[in-house]
Amino acid sequence: MKRVLITGAAGFLGSHLCDRFIKEGYHVIGMDNLLTGDLVNIEHLFPLAEFEFYYHDITKFIHIPGDLDYILHFASPASPIDYLKMPIQTLKVGALGTHNVMGVAKAKNARVLVASTSEVYGDPLVHPQTEDYWGNVNPIGPRGCYDEAKRFLEAITTAYNTFHGVETRMIRIFNTYGPRMRVNDGRVLPAFFSQAIRGEGLTVFGDGSQTRAFCYVDDLVEGIYRLLLSDYDGPVNIGNPDEISILDFAKEVIAMVGNPDAHIVHKGLPKDDPKVRQPNITLAKKVLGWEPKVSRAEGMRRSYEYFKKVVKVEAEAV
Ligand code: UDP
């Protein structure tokens, strides 16, 4: 049985990766310090013999008994309000945490896939973004702690590959959504769904003309799985190129939820909020034979089912 370590295992993406690798017949070692993760996301895996969980902060030395074949490094605060609240932890997990992960990969002779992000492109001057674009990042702006941590992650991953010969894979993740996103993580989709379900104002930042392109989590996980097993060691964009303005997105959510009290309210645009974002996925198609399969309509329908349950549960708990 192949053994895989997943950091950030209790998070949104980490928990879906745990499910996928269990399903593929791996022994999964999940690691998380629960800073932004939630054990609810993986509690169904605890009875399984092929799943282990380590409560650990990866900015400290990581000890894993036994062999490892693969590492998926997904630990990090990942929503803008989280990394605004926790800028130092965000920098530490991207820098010290990734260094420790690389040390484990080298010691165990394991292949490591690291989670980078479309944020390495900053507020991009090239649109859609291709992997050869170096980005437009403000290192001292509010997003700098995340963007620069992830740029460092790419740099140290590359250094371990070239200097120590560690087998590395790098994914640049674009906006991804689906069940298990935290209702209050501040990202646009949980915010809009919870506001629409409660019949509140949907908080559109600025005039809402900024764009994003949303990828359903199952498509992303498939891309990660293929990238890990591929021979390609450069950064690869994985995302859904179906671009939409945030204002139109708010209207779609209102139409789907159908609560007559839901409406749009405009709030100030956060500093350095990227004006556009859309992945160019030509490389992923070529090297992984991957492209997204779940349309926004379908992915939103599945997400709505989830948010209906969790927003209701929260309301009952009050
Ligand atoms: N946004 C918004 N209202 C919200 C939350 C986010 O209008 O309540 C906007 C935000 O300004 C950005 C986009 O939605 O332009 C996506 O924001 P998110 O926090 O999901 O992630 P980002 O893509 O900015 O990292």
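Remember, it's 1-based here, ligands and their atoms both numbered in the order they're listed. If you're wondering where the values come from, they're calculated on a predicted model, not measured in any experiment.
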**From N136 atom CG to Y121 atom OH, the distance as rounded to the nearest 0.5 Å** = 13.5 Å
**Region of E119 that comes within reach of ligand 1 [heavy atoms, distance under 4.0 Å]** = side chain
**Message:** Under the side-chain hydrogen bond (donor to acceptor under 3.5 Å, both in side chains) test against R172, which residue among Q129, E119, E154 passes?
**Reply:** E154
**Asked** Could E222 and K293 be called an ion pair, given the rule that one side-chain N must be under 4.0 Å from one carboxylate O?
**Response** no
**Asked** Considering only protein heavy atoms, which is closest to atom 21 (O) of ligand 1, and at what distance to one decimal place?
**Response** N175 ND2, 3.8 Å
**Item:** Ligand-residue contact atoms, ligand 1 with V204, heavy atoms, under 4.0 Å
**Value:** 7 (O)
**Message:** If the cut-off is 4.0 Å to any non-hydrogen atom of A191, which atoms of ligand 1 fall inside it?
**Reply:** 8 (O)
**R187 and ligand 1 - part of the residue with a heavy-atom distance under 4.0 Å** = both
**Item:** Residue part near ligand 1, for T203, under 4.0 Å between non-hydrogen atoms
**Value:** both
**Request:** On the 0 to 90° scale, with breaks at 30° and 60°, tag the F193-F307 ring pair as parallel, tilted or perpendicular.
**Result:** parallel
**Message:** Measuring from non-hydrogen atoms of R277 to any atom of ligand 1, is the shortest distance under 4.0 Å?
**Reply:** yes
**Asked** Any idea which part of R143 is under 4.0 Å from ligand 1, heavy-atom wise: side chain, backbone, both or neither?
**Response** side chain
**Message:** Is P80 close enough to touch ligand 1? Criterion: a residue heavy atom under 4.0 Å from a ligand atom.
**Reply:** yes
Counting only pairs under 3.5 Å, give me each side-chain donor-acceptor contact of residues 58-69, with atom names and distances, residues two or more places apart or in other chains.
from, atom 1, to, atom 2, distance (Å)
T59, OG1, D57, OD1, 2.9
T59, OG1, D57, OD2, 3.2
D69, OD2, R3, N, 2.7

**Request:** Around atom 13 (C) of ligand 1, find the nearest protein heavy atom and jot down its residue, atom name and distance.
**Result:** I246 CD1, 3.6 Å
**Request:** Compute the minimum heavy-atom distance from F192 to ligand 1 and say whether it is under 4.0 Å.
**Result:** yes
**Request:** Evaluate the salt bridge (charged side-chain N to carboxylate O under 4.0 Å, His left out) criterion for residues R143 and D272: first the C-alpha distance (whole Å), next the side-chain angles of each, then the deciding distance (0.1 Å), finally the verdict.
**Result:** CA-CA 7 Å; R143 291 173 175 255; D272 297 341; over 6 Å; no
**Complete:** Ranked by distance from atom 20 (O) of ligand 1, the top protein heavy atom is V188 N, 2.8 Å
**Fill in**
atom 1 (N) of ligand 1 has as its nearest protein heavy atom F205 CD1, 3.4 Å
**Item:** Structural part of L189 in contact with ligand 1, heavy atom criterion under 4.0 angstrom
**Value:** neither
**Prompt:** Where does D273 meet ligand 1, judged by heavy-atom distances below 4.0 Å: at the side chain, the backbone, both, or neither?
**Reply:** side chain
**Message:** Ring-plane angle category for Y83 and Y146, please: parallel below 30°, perpendicular beyond 60°, tilted otherwise.
**Reply:** parallel
**Complete:** So the atoms of ligand 1 within less than 4.0 Å of a heavy atom of Q210 turn out to be 9 (C), 11 (O), 15 (O)
**Message:** Using ring centroids (six-membered ring only for Trp), state whether F249 and F214 fall under 6.0 Å.
**Reply:** yes
**Request:** Classify the ring geometry between Y160 and H164 as parallel (under 30°), tilted (30 to 60°) or perpendicular (over 60°).
**Result:** tilted
**Lys/Arg cation over aromatic Y304: K308, 6.0 Å, 45° cone** = yes
